[in-house]
Colleague: 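Got a structure for you, questions after.
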Amino acid sequence: MAIDQSMKQHLLQRINDRTAVVGVIGLGYVGLPLAVEFAKAGFHVIGYDVSERVTALLMRGESHIQDVSKAEVAALVKSGHLEATTDESRLHDADAISIAVPTPLSKTRDPDMSYVIAATDAATRQAHPGMLVVLESTTYPGTTREVMLPAFTEKGLTVGEDIFLAFSPERVDPGNPKYHTKNTPKVVGGITPNCTEVATALYASCIDTIVPVASTEAAELVKLLENTFRSVNIGLVNEMAIVCDKLGVDVWDVIDAAATKPFGFMKFTPGPGIGGHCIPLDPHYLAWKMRTLNYKTRFIDLASEINSEMPAFVVEKVAHALNDERKAVNGSRVLVIGVAYKKDIDDMRESPALDVMRLLEERGATVAYHDPHVPSFREDGHVFTGVALSDEELGRADAVVIVTDHSSVDYQRIVDGASVVVDARNVTARLRPSRARIVALSTAPAPGGAAAPAPSTAPRREAVTAR
Ligand SMILES: NC(=O)c1ccc[n+]([C@@H]2O[C@H](COP(=O)([O-])OP(=O)(O)OC[C@H]3O[C@@H](n4cnc5c(N)ncnc54)[C@H](O)[C@@H]3O)[C@@H](O)[C@H]2O)c1
């Protein structure tokens, strides 16, 4: 017992005086900002990634993550606080390891745990008594205890006594100007109270608020509740857009008015679908786990169904808008504005724009895109290269469809230069009168009749019902 206590005290002491070395496995959207926070707190940080490209770039003082500046990385590498390596054995020097590797879904939408297992294997190989290991990757409840714990016990380490194991969900919101790694409260749940205590001490060194919970399962579920909450509410508001479209009511008007209620309502907005590494995927981790316990998570399934139908809803809008111009989708040129999954970031993962583009191409359209954050991208072996937002591009497009509402795009120019604009994000609502016929996700008919052109003093917004 005295030895166990000294292990914990020794680690707490090293965390407290910043002599602890912190390892981070996986230097992506989550791992790099975390590594930077640890380094800024005064620890020596060993960032381990399997990508030679990523580690070499970081060691040159550059950054591949939009929310982490090149200057910050360069200064931390230069001062010796941050190193990036593909050499797994460097992790042996670490007193604490945070794991932030991908947790995708397989083709059958089951959890793909291969990255977590590979990272756990690396951490286990390099583990030594007195080490803390924390999983940050979003995953199903039970992962830390069922997948990671046996790996360490098989090595002869006793968790909570001579090795400490915890789960702490990463909640980073890429592109958020207000909340980032340091000022977003961090939930921590350990396998034992000692594990929670040590993990809390580590994160408290660089994150403003720590929220300890009773177990690793509780910590795993916190993240899944948060993202399921978002998925379900976005699904609800997307369904409301379809409802409003069928009723000839402007959904944005309804939402804005509902949001004036000072209690009991939280504003979510409809759109072309959901994207990113979290909201479309994470709830399925929970759904999968519950299937193994013979329980069907109905909210998750329904929200996923509605959200994944939104790209087709938007494409129907384009088809009807073209039809009103006596044009077919087949042979038309469609310019997609914004392909990142949300505004002001460069992340394409699970972006609904990919579905919108694919569905338009399947119907014979020629599709071009403009995105100030994504100059080019690769999908299914194809390389897509964006076009500049020129008068020529706007003029030659039979329809423009706004999928992602990046702040830096000149929407006035779009509605002035294009003939038909399908606006899935309501960014054109407050623009000057324009040449373009604007089709919103759902729009109220003009006073006095269905789908009549609006007065010429405002951009024309019409209801085109996607059937
Ligand atoms: N991106 C987000 O906004 C976000 C937010 C909250 C939580 N998360 C969760 O965090 C986790 C990581 O997501 P991300 O967006 O940072 O992923 P990412 O793809 O941006 O980064 C993952 C990194 O891990 C590296 N990697 C993969 N396998 C490895 C291994 N065995 N050893 C070492 N490095 C390895 C990859 O090369 C890559 O650089 C996921 O579980 C995700 O769900 C992501």
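Bear in mind that the values here come from a model prediction, so they are computed numbers and not experimental data. First listed ligand is number 1; within each ligand, the first listed atom is number 1.
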Colleague: Hey, are Glu361 and Arg358 close enough for a salt bridge, meaning a charged N less than 4.0 Å from a carboxylate O?
Modeller: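 So Glu361 does not pair with Arg358 through a salt bridge.
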Colleague: Pairs of donor and acceptor atoms involving the side chains of residues 254-266, under 3.5 Å and at least two apart or interchain, shall be tabulated with distances.
Modeller:
residue : atom : partner : partner atom : Å
Asp256  : OD1  : Lys267  : NZ           : 2.8
Thr260  : OG1  : Ala257  : O            : 2.5

Colleague: Given Asp49, Asp121, Asp347, which has its nearest heavy atom closest to atom 23 (C) of ligand 1?
Modeller: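 Result: the heavy atom closest to atom 23 (C) of ligand 1 is in Asp49.
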Colleague: Checking Asp344 against Ser407: is there a side-chain donor and acceptor pair closer than 3.5 Å?
Modeller: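 Distance-only check passes for Ser407 and Asp344.
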Colleague: Can you list the ligand 1 atoms lying under 4.0 Å from a non-hydrogen atom of Tyr115?
Modeller: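 Counting from 1, the qualifying ligand atoms are 27 (C), 28 (N).
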Colleague: What protein heavy atom sits nearest atom 21 (O) of ligand 1, and how far off is it?
Modeller: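 Here the closest protein heavy atom is Gly28 CA, 3.2 Å.
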Colleague: Side chains of Glu239 and Val237: closer than 4.5 Å at any heavy-atom pair?
Modeller: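 No, side chains not in contact.
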Colleague: Would you say that Phe43 contacts Cys206 through its side chain, given a criterion of any heavy-atom pair below 4.5 Å between the two side chains?
Modeller: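 In short, these two side chains do not touch, never coming nearer than 4.5 Å.
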Colleague: Strictly under 6.0 Å, is that where the ring centroids of Phe229 and Phe299 end up?
Modeller: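 When the ring centroids of Phe229 and Phe299 are compared, they turn out to be at least 6.0 Å apart.
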Colleague: I need the atoms of ligand 1 closer than 4.0 Å to a non-hydrogen atom of Val172, numbered in the order shown.
Modeller: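 Here the atoms of ligand 1 in question are 3 (O), 5 (C).
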Colleague: Regarding ligand 1, does Arg171 bring an N or O atom to under 3.5 Å of one of the ligand's N or O atoms?
Modeller: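 For ligand 1, there is no N or O atom that lies under 3.5 Å from one belonging to Arg171.
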Colleague: Just checking, is any N or O donor in the side chain of Thr192 or Asn194 under 3.5 Å from an acceptor N or O on the other one?
Modeller: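 Note: Thr192 and Asn194 side chains miss the donor-acceptor criterion.
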Colleague: Report the nearest protein non-hydrogen atom to atom 18 (P) of ligand 1: residue, atom name, distance rounded to 0.1 Å.
Modeller: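 Going by distance alone, atom 18 (P) of ligand 1 is nearest to Arg349 NH1, 3.7 Å.
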Colleague: Would you tell me which option among Val30, Thr103, Asp282, Thr120 has the nearest heavy-atom contact to atom 8 (N) of ligand 1?
Modeller: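 The residue whose heavy atom sits nearest atom 8 (N) of ligand 1 is Val30.
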Colleague: Which atoms of ligand 1 are found less than 4.0 Å from any heavy atom of Pro102?
Modeller: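 Taking each heavy atom of Pro102 in turn, ligand 1 has 19 (O), 22 (C), 24 (O), 27 (C) under 4.0 Å.
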Colleague: Numbering the atoms of ligand 1 from 1, which are under 4.0 Å from a heavy atom of Ser137?
Modeller: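 With Ser137 as reference, the close atoms of ligand 1 come out as 11 (C), 41 (O).
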Colleague: Apply the side-chain contact (heavy atoms from CB on, under 4.5 Å) test between Pro270 and each candidate in Val251, Asn426, Leu236; give the one that qualifies.
Modeller: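 Answer to the side-chain contact (heavy atoms from CB on, under 4.5 Å) test with Pro270 among Val251, Asn426, Leu236: Val251.
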Colleague: Under a 4.0 angstrom heavy-atom cut-off, which atoms of ligand 1 come close to Ala100?
Modeller: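 So the answer, numbered in order with elements, is 12 (C), 22 (C).
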Colleague: Relative to the heavy atoms of Ile25, which atoms of ligand 1 are at a distance of less than 4.0 Å?
Modeller: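 It comes down to these atoms of ligand 1: 32 (N), 33 (C).
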Colleague: Does Lys70, at its NZ atom, have more than 12 non-hydrogen atoms belonging to other residues, nucleotides or ligands within less than 6.0 Å?
Modeller: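 No, because the 6.0 Å sphere around NZ of Lys70 holds 12 heavy atoms or fewer from other groups.
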Colleague: Specify the protein heavy atom at minimum distance from atom 31 (N) of ligand 1: its residue, its atom name, and the distance to 0.1 Å.
Modeller: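 So the nearest neighbour among protein heavy atoms is Ala118 CB, 3.7 Å.
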Colleague: Using a 4.5 Å cut-off on heavy atoms from C-beta on, say whether the side chain of Val24 contacts that of Tyr48.
Modeller: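 Heavy-atom side-chain distance check fails, nothing below 4.5 Å.
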Colleague: Between His373 and His406, is the gap from one ring center to the other below 6.0 Å?
Modeller: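 Between His406 and His373, which both carry aromatic rings, the centre distance is below 6.0 Å.
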Colleague: Ring centres of Tyr369 and Phe377 under 6.0 Å apart?
Modeller: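 Ring-ring flag for Tyr369/Phe377: true, centres closer than 6.0 Å.
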Colleague: Going by atom types only, do Thr139 and Ser137 share a side-chain donor-acceptor pair under 3.5 Å?
Modeller: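 No donor-acceptor contact under 3.5 Å links the two side chains.
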Colleague: Select the closest option to atom 11 (C) of ligand 1 among Val101, Leu281, Leu135, Val50, judged by heavy-atom distance.
Modeller: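 Minimum heavy-atom distance to atom 11 (C) of ligand 1 goes to Val101.
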Colleague: For ligand 1 and Ser51, I'd like to know whether there is a polar contact (N/O to N/O, distance under 3.5 Å).
Modeller: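 No; the residue has no nitrogen or oxygen that sits under 3.5 Å from a nitrogen or oxygen of the ligand.
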Colleague: List the closest protein heavy-atom neighbour of atom 24 (O) of ligand 1: residue, atom name, distance to the nearest 0.1 Å.
Modeller: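 Nearest neighbour among protein heavy atoms for atom 24 (O) of ligand 1, to 0.1 Å: Gly26 CA, 3.3 Å.
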Colleague: Would you mind checking which non-hydrogen protein atom is closest to atom 13 (O) of ligand 1, with the distance to 0.1 Å?
Modeller: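 Here the closest protein heavy atom is His277 CD2, 3.6 Å.
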Colleague: Decide whether an N or O pair under 3.5 Å exists between Tyr29 and ligand 1.
Modeller: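 Indeed, backbone or side chain, Tyr29 has an N or O that close.
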Colleague: Specify side chain, backbone, both or neither for Pro169, according to which of its non-hydrogen atoms lie closer than 4.0 Å to ligand 1.
Modeller: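 It is neither part, as no heavy atom is under 4.0 Å.
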Colleague: Below 3.5 Å, N or O to N or O, backbone or side chain included: is there any such pair between Tyr341 and ligand 1?
Modeller: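 No - when backbone and side-chain N and O of Tyr341 are compared with those of ligand 1, no distance drops under 3.5 Å.
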Colleague: Could you check atom 4 (C) of ligand 1 against the protein and tell me its nearest heavy-atom contact, residue, atom and distance included?
Modeller: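 Looking at atom 4 (C) of ligand 1, the protein heavy atom closest to it is Cys278 SG, 3.4 Å.
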Colleague: Starting from atom 43 (O) of ligand 1, locate the nearest protein heavy atom and write down its residue, its atom name and how far away it is, to 0.1 Å.
Modeller: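 Of every protein heavy atom, Thr138 OG1, 3.4 Å lies nearest to atom 43 (O) of ligand 1.
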Colleague: Which of the atoms of ligand 1 are close to Glu170, meaning less than 4.0 Å from one of its heavy atoms?
Modeller: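 So the answer, numbered in order with elements, is 6 (C), 7 (C).
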